[in-house]
Amino acid sequence: MKNYIKHHPWHIIEEGFDTQVNRVSESIFSIGNGKFGQRANFEEKYSGDTLEGNYVAGVYYPDKTRVGWWKNGYPEYFAKVLNAPNWIGLNITVDDEELDLALCEVSTFNRTLDMQKGLLHRSFTAKMQNGITITADITRFCSLSKSNLGAISYSFSLDKDATVSIESSIDGTIVNADSNYDEKFWIGVNTMATKETALLIAKTKKTDFYVGVTTDTQIVTNGEQLHAENAETSKKYASSTTAFKLKKDTVVGIEKKAIIISSLDYEKENIQTVLETEMASVKHASFETLKANHEFTWAAKWEESDIVIHGDISAQQAIRFNIFQLNCTYTGEDERLNIGPKGFTGEKYGGSTYWDTEAYCLPFYQATADPEVARNLLIYRYKHLDRAIENAGKLGFTDGAALYPMVTMNGEECHNEWEITFEEIHRNGAIAYAIYDYINYTADKKYLAEYGLEVLMGISRFWAQRVNWSENQQKYVMLGVTGPNEFENNVNNNWYTNKLAAWCMDYCRESIAWVEQNYPAEYARILAKTKYNEKEAIKWAEISANMYYPYSEKHQVFLQQDGFLDKELIPVKDLPESQRPIVEHWSWDRILRSCYIKQADTLQGFYFFEDEYTDEEHKRHYDFYEPLTVHESSLSPCVHSILAAKLGDEKRAYEFYLRTARLDLDDYNNDTRDGLHITSMAGTWLSIVKGFAGMRVKNGELTFKPFLPENWDGFSFKIRFNGDVKNVSVTKQGIEIQG
Ligand code: BGC
């Protein structure tokens with residue numbers, strides 16, 4: 001755990017230059033606008049520890065799979081969002097020495113993320129090896145108001161007269177650090193550079209996505225505009241260089257604007273023209289004007305999604321950080337895009353879509369953005385239904401059974417560890433649950449008729465084929481699965497998976513009946529398309545009614561899976577600190593045999609289906625499972641926070657909240673350097689809204705059961721519900737809802 005970020009309600013602040021945490025900071029100070037985003041790399045050269053990262057949403061590459069032992073059914077490739085051409089480059093040379101903070105004596109350094117305005121600031125004073133001291137001030141943003149625009153304002157001065165050159169570049173020679181075979185994924189298509197402008201178009205191998213970037217760089221000193229005299233291009237690099245003599249203490253102001261587009265939005269042959277016209281539309285606008293438009297759009301975003309906490313700056317900063325990063329990652333206008341677990345902040349997880357979206361992220365966007373945004377997240381899966389049917393087909397399932405992938409970019413499975421790819425099938429259930437959740441929240445039942453039902457049918461068909469009748473149990477069982485707790489593989493009858501499967505088949509039957517009655521034309525269309533036969537629903541009802549659930553009479557709890565009680569049940573508190581996280585200290589074999597739970601599993605089911613169980617049952621299960629849970633997935637503490645709040649354990653609810661909220665800011669798991677835990681950030685929002693405020697939607701009505709953490713004076717948030725924006729405010733006096 002690190003603790004170097006200064007507390008502030010709206011800013012994330014790093015003071016002083018510490019090369020040891022630079023990579024962590026590059027993740028924390030990341031910015032994005034839903035269309036593209038980037039790590040907080042420096043504009044100028046940096047030879048220290050860094051992970052350069054620029055990402056364009058939806059632009060991916062099928063990297064050939066690497067596995068030890070190939071298994072039939074493995075996907076051939078892992079589609080990953082690519083590290084894309086880097087447009088921020090501003091290399092500064094002072095008297096023949098390139099500015100490189102790794103080699104300077106840095107006397108002051110400040111990096112600030114202004115979350116309210118969506119701006120990344122940096123300022124520093126650094127003595128170069130040639131004895132010249134440079135003082136710089138930089139602001140950068142990825143425009144939220146014009147989603148293809150990025151901009152930088154970089155000003156500096158020196159303490160001595162010197163010859164300076166500034167190279168403004170677009171670099172397409174980037175590689176993915178996680179490339180499986182050190183392959184280079186980009187092919188240069190076109191580069192151009194003139195005095196002020198650079199342009200680069202590159203395409204991905206195999207997937208043939210085009211990304212086009214153009215930049216305009218203006219350099220002014222002493223009120224005089226300087227012009228580059230040197231332009232350089234190679235196949236994947238374009239830059240222009242301006243050299244001049246600079247008097248001491250004279251400020252140089254650089255404004256660099258970039259347009260970033262891809263063939264997801266434009267015809268390939270038009271990319272260059274679009275780049276040119278889009279740049280022409282902003283070329284004469286000042287940085288300040290473009291920044292003001294961007295800030296205005298951020299203000300509107302905050303108006304809808306902010307959570308205000310009174311009396312606890314650390315918690316306030318943390319929740320805003322989580323909300324900020326969620327809004328940088330996904331804005332929801334484009335149904336082809338989704339939310340990678342690391343968003344635009346790193347390469348891990350390949351920028352692909354996981355069950356995280358449905359289980360954790362959907363409720364955040366549902367309540368804080370236009371209903372279209374959440375709907376687009378569901379449509380994304382609807383559009384992948386045929387692929388999910390194909391995926392299931394590859395594993396031997398038939399007749400329209402759908403298995404959604406564990407990890408995907410385009411609907412095809414990318415994951416390749418048999419115990420997850422083939423067995424972690426609960427993801428199918430989360431996708432079905434999200435349809436229910438969305439309809440329950442928005443009352444948009446038409447969605448069921450138009451899209452949702454087909455997905456539910458495909459998934460129900462899968463469950464019906466995946467279970468088998470056990471003569472021994474006289475029940476339906478589900479063998480060889482992995483639940484959300486990935487520290488157990490290939491288990492029989494994971495309670496959570498069995499429960500979700502049975503629920504899904506019931507919900508699907510109800511939905512069929514409802515669509516038949518209310519949307520007969522859609523019903524007829526679905527019947528014809530899916531070749532649905534009423535006997536299927538009869539079978540689903542029979543399976544659901546006779547599903548096997550492992551249960552302990554002694555403990556009066558559902559068991560996570562068959563045989564769970566054979567384990568040595570030693571609570572986590574008795575594990576020496578030196579052995580944690582166990583994933584870093586223990587062999588996989590030892591982990592699998594242990595009782596330790598990576599993340600909410602049985603409790604995830606209680607969280608989804610809370611109305612089916614009494615408070616006593618909740619408490620029994622929470623008391624049984626939480627002490628065995630190591631929370632080594634970022635997705636775990638939030639569910640526990642919500643359950644603890646429900647059970648009135650306010651202290652634990654708050655502890656879990658802090659753990660999820662400051663996970664990245666304080667680098668709890670020592671892995672922030674790889675990128676932020678974007679999807680679990682939605683869980684942080686849930687901890688406050690569903691946990692502390694106790695918000696639920698029951699029979700179309702909002703209900704609350706609030707509590708106020710001891711050290712808070714109050715908190716408030718806005719949510720969209722039934723077409724209105726409601727203001728919810730919790731104080732020591734109680735709860736107030738307006739709107
Ligand atoms: C968790 C999964 C999750 C994935 C991506 C894993 O560590 O166990 O549940 O989908 O991370 O966030």
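Just follow the structure's listing: the first ligand is 1, and inside any ligand the first atom is 1. All of these numbers come straight from a predicted model, not from anything done at the bench.
Of the N and O atoms on the side chains of Y548 and D562, at least one donor lies less than 3.5 Å from an acceptor on the other residue.
The contact shell of ligand 1, taken as protein residues with any non-hydrogen atom closer than 4.0 angstrom, comprises P341, Y349, Y354, W355, D356, E486, K598, Q599, S633, L635.
Residues that satisfy the salt bridge (charged side-chain N to carboxylate O under 4.0 Å, His left out) test with R590, not counting sequence neighbours, are absent from this structure. D623 meets the salt bridge (charged side-chain N to carboxylate O under 4.0 Å, His left out) test with K619; sequence neighbours excluded. Partners of E612 by salt bridge (charged side-chain N to carboxylate O under 4.0 Å, His left out), not counting sequence neighbours, listed by chain and number: K499.
Below 30°, between 30° and 60°, or above 60°: for Y451 and Y382 the angle between ring planes is above 60°, a perpendicular geometry. Note: W495 and F558 have parallel aromatic rings, judged against thresholds of 30 and 60 degrees for the angle between ring planes.
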